[in-house]
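Computation of the quantities below employed the complete heavy-atom set of this structure, encompassing side-chain atoms and omitting hydrogens, waters and symmetry-equivalent molecules.
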Amino acid sequence: EIVLETARSFSFYYETINRAMLQAEIKPLPVELVGGFLYQGIAASVNHIQNKGGLANAADAIQQGFDIFWDGVRAR
């Protein structure tokens with residue numbers, strides 16, 4: 001069941017990435033690459049929260065991680 005739920009979550013992200021590309025909101029990069037950047041940003045944010053930031057700074061770490069991701073993939 002956990003595997004199915006994870007697959008559903010990731011399919012949402014990949015569908016959203018595809019829509020954003022079709023609407024020219026993000027750069028025309030391979031979907032798997034954008035998904036990998038997103039996943040690695042999430043992993044880095046969680047790692048930072050666990051090892052350095054603590055839950056008190058979780059929102060800031062998550063926002064900073066997303067900002068880095070978005071600055072890299074956003075169409076200008």
Under the salt bridge (charged side-chain N to carboxylate O under 4.0 Å, His left out) test, residues paired with Arg19 that sit two or more places apart: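 Not a single residue meets the salt bridge (charged side-chain N to carboxylate O under 4.0 Å, His left out) criterion with Arg19.
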Atom OH of Tyr39 with >12 non-hydrogen neighbours under 6.0 angstrom: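 Open: at most 12 neighbouring heavy atoms sit under 6.0 Å from OH of Tyr39.
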Residue pair Ile62 / Ser45: nearest heavy atoms and the distance that separates them: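 Smallest heavy-atom distance, with atoms named: CA-OG, 4.3 Å.
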Point-to-point distance, once rounded to the nearest 0.5 Å, from CD of Gln63 to CH2 of Trp70: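 CH2 of Trp70 is found 12.0 Å from CD of Gln63.
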Parallel, tilted or perpendicular: rings of Phe66 and Phe69 (30°, 60°):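 Ring orientation, 0 to 90° scale: tilted.
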hydrophobic_cluster_shared for Ile68 and Tyr13, side chain cutoff 4.5 Å: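 Tyr13 and Ile68: separate clusters.
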From CD1 (Ile17) to CZ (Phe12), nearest 0.5 Å: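 The CZ atom of Phe12 is 10.0 Å from CD1 of Ile17, to the nearest 0.5 Å.
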Hydrophobic cluster identity match, Ile26 and Tyr14, side-chain contacts under 4.5 Å: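 Yes.
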Point-to-point distance, once rounded to the nearest 0.5 Å, from CD of Gln23 to CG of Asn18: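 Atom-to-atom, Gln23:CD and Asn18:CG are 11.0 Å apart.
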Asp60 CG to His48 NE2 distance, which is reported to the nearest 0.5 Å: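 NE2 of His48 is found 9.0 Å from CG of Asp60.
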Polar side-chain atom of Lys27 near backbone of Val34 as donor-acceptor pair, under 3.5 Å: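 Side chain of Lys27 to backbone of Val34, a donor-acceptor pair under 3.5 Å: no, none is there.
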Euclidean distance, Asp71 CG relative to Arg76 CZ, rounded to 0.5 Å: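 Answer for the CZ-CG pair, Arg76 versus Asp71, is 6.0 Å.
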Close side-chain approach of Val73 and Leu38, heavy atoms under 4.5 Å: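 A side-chain contact is absent here, since even the closest heavy-atom pair is not under 4.5 Å.
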